[in-house]
Asks: 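I have a structure here, written as structure tokens, and I will follow up with some questions on it.
Chain identifiers are assigned alphabetically (A, B, ...) following the order of the sequence lines, protein sequences preceding nucleic acid strands; residue numbering begins at 1 within each chain.
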There are 2 protein chains.
Amino acid sequence: MNVHLVLICVYSMNKKELILKTTLHLVNRHGFYHLSMKELAETAGISAGTTYLYFDSKESLINELYKNIIIEFNGKVLKGYEKGRSFRSNYFDMMNNAVDYYIKNPECFSFIEQYTYSPFIFKETQEENLAILEPIQKIIKEAKKEKMVKELPETLLIALSYGPIVSMMKLFMAGRTDLKTKTTKEQLLEACWKAVSI
Amino acid sequence: MNVHLVLICVYSMNKKELILKTTLHLVNRHGFYHLSMKELAETAGISAGTTYLYFDSKESLINELYKNIIIEFNGKVLKGYEKGRSFRSNYFDMMNNAVDYYIKNPECFSFIEQYTYSPFIFKETQEENLAILEPIQKIIKEAKKEKMVKELPETLLIALSYGPIVSMMKLFMAGRTDLKTKTTKEQLLEACWKAVSI
DNA sequence: CAAAACTAAATGAACGTTCATTTTTTTGAT
DNA sequence: ATCAAAAAAATGAACGTTCATTTAGTTTTG
């Protein structure tokens with residue numbers, strides 16, 4: 001009984017994941033703008049109706065994908081955080097994890113950026129739009145309390161940390177810069193660190 | 001004779017501009033994703049067919065709007081550049097113009113960001129995607145030659161300048177930060193300057 | 001065999017675009 | 001200044017297509 005339930009669960013999870021993965025892939029190829037449920041089904045090798053066994057609508061599919069990515073990203077970034085460690089260590093490890101995640105999952109990066117600017121989002125996620133900043137915001141807040149960062153608005157400190165990463169990723173994805181070599185990445189992180197630390 | 005021609009020109013320019021302005025407005029409200037030519041016509045107070053007297057297609061309309069905004073933005077930013085002046089002065093004035101333009105035209109900022117991540121773009125503009133960085137790239141290149149900036153990759157110096165501006169604008173548009181007060185803007189520009197200058 | 005998973009065809013609404021027609025503007029002779 | 005002819009601009013209904021979603025039926029699973 002239990003075994004059956006688990007197997008069913010795993011199996012359907014696989015199909016659900018397949019749909020999510022295919023969506024991510026297609027959104028990157030054609031954008032939200034041209035994401036078609038028919039093409040999605042064809043690409044995933046399933047029937048058009050199957051998607052609706054796992055998702056209520058196209059929008060909820062996209063929203064769920066977004067939430068999944070945010071959870072994954074924030075989880076990975078927060079792995080660089082250890083309570084009690086120096087701010088510097090936490091900052092570097094978290095920022096490093098963020099960049100690594102984006103380099104490893106460029107489609108997720110692109111999806112998030114597309115999503116952030118799409119006003120068709122459900123109301124509930126409207127405020128979750130900046131959820132991607134939560135991990136960075138967390139340590140900036142802490143560091144600000146302990147006066148380990150410059151006396152600047154919290155938002156500016158976040159922008160000085162996250163902004164350059166996004167810009168570099170954009171340039172990287174356009175083939176205009178390197179980011180995979182240790183040097184460039186370290187230079188990026190070091191520059192961000194200098195911008196916020198005292 | 002001449003008077004007639006001029007009047008025709010001005011008149012039709014107005015209608016074209018009306019369509020472009022309405023497009024910008026609607027893209028901000030609903031995203032590319034939900035931009036409908038019918039709604040566009042209704043909102044602009046024109047007939048559905050009229051749009052096609054001025055634009056070949058929905059895509060070319062969007063592309064033309066993008067090009068117009070880029071030209072306007074880059075024009076405004078480059079007004080902060082004077083040959084022979086110090087790098088510092090040029091940097092501050094140009095960056096200041098960029099921020100001012102975005103604050104004054106948040107819809108243009110949002111449109112550009114949406115456009116950058118939309119893969120449905122015509123091939124010809126695929127490379128123009130980073131055209132927004134041209135003015136900043138220009139002075140960074142010059143400053144790099146004269147060793148007025150840190151010894152970092154050109155792309156990183158650009159990312160350290162433009163990235164925080166984009167991030168701050170996003171936070172600003174989400175109502176999460178101030179950016180209109182002189183102080184915050186100056187802090188932003190000063191931080192960018194410190195990140196790139198020696 | 002019963003339940004769950006899946007398919008394929010069908011549905012109506014919405015889409016971008018076209019085009020025959022109407023309205024508005026311009027022209028040039030009076 | 002007037003006005004009919006000509007040209008240009010604008011209309012809006014209609015087009016074929018594509019869309020997201022539903023439904024009824026089939027296959028797979030335990």
Asks: Going by salt bridge (Lys or Arg N to Asp or Glu O under 4.0 Å), name the pairs with one or both residues in residues 187-198 of chain A, residues two or more places apart or in two chains.
Replies: none

Asks: Please tabulate, for side-chain N and O atoms in residues 70-77 of chain B, each donor-acceptor pair with protein atoms closer than 3.5 Å (sequence neighbours left out).
Replies:
unit_1	atom_1	unit_2	atom_2	d
Glu72(B)	OE1	Tyr101(B)	OH	2.7
Asn74(B)	ND2	Ala131(B)	O	3.1

Asks: What pairs of residues pass the salt bridge (Lys or Arg N to Asp or Glu O under 4.0 Å) test when at least one of them lies in residues 81-102 of chain A, not counting sequence neighbours?
Replies: Arg85(A)-Asp93(A), Asp100(A)-Lys185(A)

Asks: Would you mind listing every salt bridge (Lys or Arg N to Asp or Glu O under 4.0 Å) that reaches into residues 36-46 of chain B, with sequence neighbours excluded?
Replies: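 Every candidate salt bridge (Lys or Arg N to Asp or Glu O under 4.0 Å) pair involving residues 36-46 of chain B fails, so no pair, neighbours aside, qualifies.
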
Asks: Could you tabulate the donor-acceptor pairs under 3.5 Å formed by side-chain atoms of residues 171-180 of chain A, not counting sequence neighbours?
Replies:
unit_1	atom_1	unit_2	atom_2	d
Thr177(A)	OG1	Thr155(B)	OG1	2.6
Asp178(A)	OD1	Lys180(A)	N	3.4
Asp178(A)	OD2	Thr181(A)	N	3.4
Asp178(A)	OD2	Thr181(A)	OG1	2.3
Asp178(A)	OD2	Thr184(A)	OG1	3.0

Asks: For nucleotides 25-28 of chain D, give me every protein contact, N/O to N/O, under 3.5 Å, one pair per line with atom names.
Replies:
none

Asks: Going by the rule ring pair (Phe, Tyr, Trp, His ring centres under 6.0 Å), which residues pair with Tyr162(A) if we only count those two or more places apart in sequence or in a different chain?
Replies: none

Asks: Starting from P on dA20(D), measure out to CG on Leu53(A) and report it in whole angstrom.
Replies: 17 Å

Asks: I need the NZ-P distance between Lys16(B) and dA10(D), as an integer number of Å.
Replies: 13 Å

Asks: Whole angstroms only, please: what is the CD-C1' distance between Glu42(A) and dC6(C)?
Replies: 16 Å

Asks: What is the distance, to the nearest angstrom, from the CG atom on Asn14(B) to the C1' atom on dA10(D)?
Replies: 16 Å

Asks: Could you check whether Ser89(A) and Ser86(A), counting side-chain N and O atoms only, form a donor-acceptor pair closer than 3.5 Å?
Replies: yes

Asks: With a 4.0 Å cutoff (strictly under), does any side-chain N or O of Tyr54(A) reach OP1 or OP2 of dC6(C)?
Replies: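 So the side chain of Tyr54(A) is within the cut-off, an N or O lying under 4.0 Å from OP1 or OP2 of dC6(C).
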
Asks: Under the salt bridge (Lys or Arg N to Asp or Glu O under 4.0 Å) definition, can you give me all pairs with a residue in residues 145-169 of chain B, not counting sequence neighbours?
Replies: none

Asks: If I take atom NZ in residue Lys15(B) and atom C1' in nucleotide dT24(C), what distance separates them, rounded to the nearest angstrom?
Replies: 11 Å

Asks: Can a side chain N or O of Ser47(A) be found less than 4.0 Å away from OP1 or OP2 on dC6(C)?
Replies: no

Asks: Would you mind building the protein contact string for nucleotides 12-17 of chain C? One character per nucleotide, 5' to 3', B for base within reach (heavy atoms under 4.0 Å), S for sugar-phosphate only, - for untouched.
Replies: ---SSB

